[in-house]
2 protein chains.
Amino acid sequence: MLKATVYVTIKQSVLDVQGTAVQGALHSMGFDEVGKVRIGKYLEVELNTSDTAVAEERVKAMCEKLLANTVIEDYRYELQPVK
Amino acid sequence: MLKATVYVTIKQSVLDVQGTAVQGALHSMGFDEVGKVRIGKYLEVELNTSDTAVAEERVKAMCEKLLANTVIEDYRYELQPVK
C-alpha cells in the first residue's frame with residue numbers, strides 16, 4: 001500500500017482571501033510580526049497499490065480532475081510506502 | 001525573515017467527513033484503488049523575525065489560539081529561513 005500526500009496551494013498570482021483574513025485576525029490578536037499568509041489544502045490519500053509509477057500517474061489524474069482547481073491552484077504530491 | 005509551514009489535520013479518532021466525501025467522489029470517477037482519504041489545512045506564514053526560538057513559541061500560540069481547533073485537530077509546523 002502507498003500513501004500519497006498532496007499539497008494544493010493557491011497560485012502566487014491569485015489573491016488568497018482566506019490567507020488575508022487570517023493575517024488580519026493574527027494582527028488583531030497581537031501577532032504583529034506576521035507577514036503574508038497563504039492557505040492551502042493538505043490531503044492524505046491511501047492507495048491500494050504498490051506500483052509507484054502507476055500510482056504517480058493516477059494521483060496526478062486525481063489532482064487534475066478533482067483535488068485541485070488548476071486554473072487558480074498549484075499542486076504537488078509525495079508518495080511513500082505504508083506498512 | 002522566517003517562514004512557518006503549518007499543517008493542521010483532523011485527529012485520527014474524529015470522522016473526516018470531507019475526506020469521506022472526496023473518497024466517494026474518487027471512487028465514482030473510477031479511482032477504485034483509493035482507500036482512506038484525510039483532508040487538512042496547509043498554511044504558510046511569513047514572520048518578520050529571525051529569532052527561531054521566539055518564532056517557535058509564537059507560532060505555537062497562533063496554532064493554539066486561531067489556526068487549529070485543538071479539540072478535533074492536531075497541528076505541526078516547520079520553521080525555515082527565507083532570504
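A note on names: the letters A, B, ... follow the listed sequences, proteins ahead of strands, and every chain is numbered from 1.
- By the 4.5 Å side-chain criterion applied to Ile, Leu, Val, Met, Phe, Trp and Tyr, B:Val17 is assigned to a cluster that also includes B:Leu15.
- Classification of B:Arg58 and A:Glu33 as a salt-bridged pair holds, one side-chain N sitting under 4.0 Å from a carboxylate O.
- Contacts between B:Met1 and chain A at a heavy-atom distance below 4.5 Å are absent for every atom of the residue.
- Hydrophobic clustering of Ile, Leu, Val, Met, Phe, Trp and Tyr side chains at less than 4.5 Å, counting indirect connections, keeps A:Tyr77 apart from A:Tyr42.
- Of the possible polar contacts, one joining the B:Gln23 side chain to the B:Gly35 backbone as a donor-acceptor pair under 3.5 Å is found.
- The part of B:Asp32 that comes within reach of chain A is its backbone (N, CA, C, O), which places non-hydrogen atoms under 4.5 angstrom from that chain.
- With a threshold of 4.5 angstrom between heavy atoms, B:Lys3 does not approach chain A through any atom at all.
- For chain A, the nearby parts of B:Phe31 are the backbone and the side chain; heavy atoms of each come within less than 4.5 Å.
- Looking at B:Ala55, there are no atoms closer than 4.5 Å to chain A (heavy atoms on both sides), in backbone or side chain.
- Interface remark: A:Ala4 contributes no atoms to any contact with chain B (heavy atom separation under 4.5 Å).
- Counting non-hydrogen atoms of neighbouring residues, nucleotides and ligands closer than 6.0 angstrom, the NZ atom of B:Lys11 exceeds 12 such neighbours.
- A:Glu64 CD: more than 12 foreign heavy atoms inside a 6.0 Å radius.
- Looking at B:Leu67, the atoms closer than 4.5 Å to chain A (heavy atoms on both sides) all sit in the side chain, from C-beta outward.
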